[in-house]
There are 2 protein chains.
Amino acid sequence: MRTAVTDMLGVRHPLVGFNRSPGVVAAVTNAGGFGVLAATGYTPEELDVQLTWIEEQVGGKPYGIDVLVPGRIAGSDPHEDVASLRARIPDEHYAFLNGLLERYDLEPIDRSALGGDRFAASVGAEIVQPLLDVAFSHRISLVANALGTPPPGLVERGKSAGVVVASLVGAPEHARRQLDLGVDLLVAQGTEAGGHTGTIATMVLVPEVVDLAGDVPVLAAGGIASGRQMAASLALGAAGVWCGSVWLSSHEDITSPVVKEKFLAAGSGDTLRSPTRTGKPARQLRSAWHDEWAAGPAALPMPLQPVLVNEAWRRIDAAAGAGHAGARELESFYIGQVVGGFRRLRPAEDIAREIIDDCEHVLRSLS
Amino acid sequence: MRTAVTDMLGVRHPLVGFNRSPGVVAAVTNAGGFGVLAATGYTPEELDVQLTWIEEQVGGKPYGIDVLVPGRIAGSDPHEDVASLRARIPDEHYAFLNGLLERYDLEPIDRSALGGDRFAASVGAEIVQPLLDVAFSHRISLVANALGTPPPGLVERGKSAGVVVASLVGAPEHARRQLDLGVDLLVAQGTEAGGHTGTIATMVLVPEVVDLAGDVPVLAAGGIASGRQMAASLALGAAGVWCGSVWLSSHEDITSPVVKEKFLAAGSGDTLRSPTRTGKPARQLRSAWHDEWAAGPAALPMPLQPVLVNEAWRRIDAAAGAGHAGARELESFYIGQVVGGFRRLRPAEDIAREIIDDCEHVLRSLS
């Protein structure tokens, strides 16, 4: 399968696999696709270790990284510290959170403990630049930007280093903005995707972005976890696919066993787009957490909502892992609608090879 | 393009066109596809006239009808009359509606005038049976059921008359129920579709329903308005496509010019799923109506919400057509996300031929 993307990335198959686990990234690259590591969850030191490990596994084959940089965080000052953000959490929201935890038999959180997590502090350009410095010191072939506009200077830095700069877009106007900035590759991500996502479905968004993009290749994302869906994406005009959720059914993925168990039991209708974790709509598995918030206050904007809830989620994850019943009811994670197709956990390389083989089979059968 | 559906329906191309305008139905059939008339908006006498006209246009080529029968209307008695339903409208909702109309410079509606429209009274089995009697007295080849389970006896009646019985489904559990009832054809409709729709996107829903359906063929619906999207649907395993929204960009479609003008100006992100017209989530063009309801009471269940709003909509449509500024702001209609691709109004037969030709081109280029 040769497309504009296989040429651009130097891979055999136009299948990009995005995940926060280095094992998945290496497996996708080793299957002839292109693995992309979600870098924002790591410190620069950790990222350095992970990229070194990936390079040992893939033996010169190409891979990339993804950073999460919201273009605009409503009312936020990138220099504002966690203590100041914490003080801006309304009493109503703080009380609602502790009431929720209490109903599920979990300890309340002291206001001074809110926002201890990395996420709240890790979305600004100051945090991303050291990660990019580490990444550019490695043999990366691509940097993708998952939210909003790329960090300042990234497009130029990519061009001078021969590194492809890609951006995820969920609407045609986002695509236009990224094309104006000069990105090399667009990822058109439909509403059915896991994580931060818009409202337009992949079936509608991909051909629209392809038509806007001209010579810039487009990867389809959202709802793609099989060869049939990969073939459909190529029919829509995409030069390849960007798969995220499907790797959460792999052995290598580091998501907790409790969450993976819930994923295996879920149907395609069991996700929802909710702003209750990050402050922006992100698709995740529906759980008691969302049913509670449906009767609660409106979520706060990013970065206040993560400051409010991230410590709670750290505790929910830990308690669920230790068998706590209430925490298991609340437990959830970001996932797309393809979760309905998860049957069992498998090696990531097997998943990648099956998608590629089935896609080739579908393409042959359509002709 | 030969598939299980072209054989079943006796057509050259697996393209089904659904619309409430007989002119569109005839045009799709005459282009080598299969036209389906939305029958529920007509009285039995009107339907008889429309089907006779269609048959004159298509010269023996096949066509079908679609009826709207919700499986279960919460708390409703099929024998309850409009006066009784009207009395069950809460004062809060009635006052909100008149306040809304007043803000857009439209006259308030007397409570006794609520629910004068056909829709509220036309969803029960008693209303559908006479329509089916008319349809079965004509040369129809298919009856499709758009909401919930088919009317009692329809599957048997179809089998004995050699008429294909199809059902629209928006979730795998709906597909299982319809398969158990013995329908001949499933239409898997993704969330991006116009009108009543679920939450699962076409890209995810279609392969899931195909896998459940075994030998029963599946049409893909939702987000399909071009040859690329038709080819993608075939890649997903569908035996053809069911297109609805795209015909609202045709000359033959009877939707008002004001609405069509709004459609031509709309983007793919300008629709939303809202229960504020029928009481069930239906995708429609976002307008001032929806912005108002976002700050209003929760929509009532079907059939109370249509009893509340249908007379208001009759007046909004009439006033918008007469150039009333407030009514134009409120004006809206059911439409899918493909509305973003509408560029100009065209003959329905040209639209059908272009979808088919482009699909064949994409299939050749993929091989």
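In what follows, every heavy atom counts, from backbone to side chain, and hydrogens, waters and symmetry copies are set aside. What you see is a predicted model, and the numbers here were worked out from it, not measured in a lab. Each chain gets a letter, A, B and so on, in the order the sequences are listed, and its residues count up from 1.
Without hydrogens or angle criteria, B/Q229 side chain to A/P207 main chain gives no donor-acceptor distance under 3.5 Å.
With a 6.0 Å radius and a threshold of 12 heavy atoms from other residues, nucleotides or ligands, A/R273 has its CZ atom above the threshold. In A/R346, the CZ atom is crowded: over 12 heavy atoms of neighbouring residues, nucleotides or ligands sit closer than 6.0 Å.
Only the side chain of B/P172 comes within contact range of chain A, judged by heavy atoms closer than 4.5 Å. With a 4.5 angstrom heavy-atom cutoff, B/A171 does not touch chain A via any of its atoms. Within the 4.5 angstrom heavy-atom criterion, only side-chain atoms of B/E208, from C-beta onward, approach chain A.
The CD atom of B/E192 sits 11.0 Å away from atom OG1 of A/T199, with the distance rounded to the nearest 0.5 Å. Going from atom CG of B/L363 over to atom CG of A/L363 covers 10.0 Å, rounded to the nearest 0.5 Å.
When all heavy atoms of B/V204 and A/S268 are compared, the pair lying nearest together is CG1-CB, 3.9 Å. Taking each heavy atom of B/A232 and A/M203 in turn, the nearest pair found is CB-SD, 4.0 Å. Across B/A201 and A/Q337, no two heavy atoms sit closer than the pair N-OE1, 2.9 Å.
Interface check for chain B: of the options A/V210, A/V362, A/L236, A/V338, the most heavy-atom pairs under 4.5 Å are formed by A/L236. Ranked by heavy-atom pairs under 4.5 Å with chain A, the list B/G223, B/S365, B/G336 is led by B/G223.
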As a quick check of understanding, evaluate side chain to side chain contact (heavy atoms under 4.5 Å, CB included) for A/D211 and B/R228, giving each step before the final call. CA-CA 12 Å; A/D211 287 343; B/R228 286 180 290 188; 2.9 Å; yes
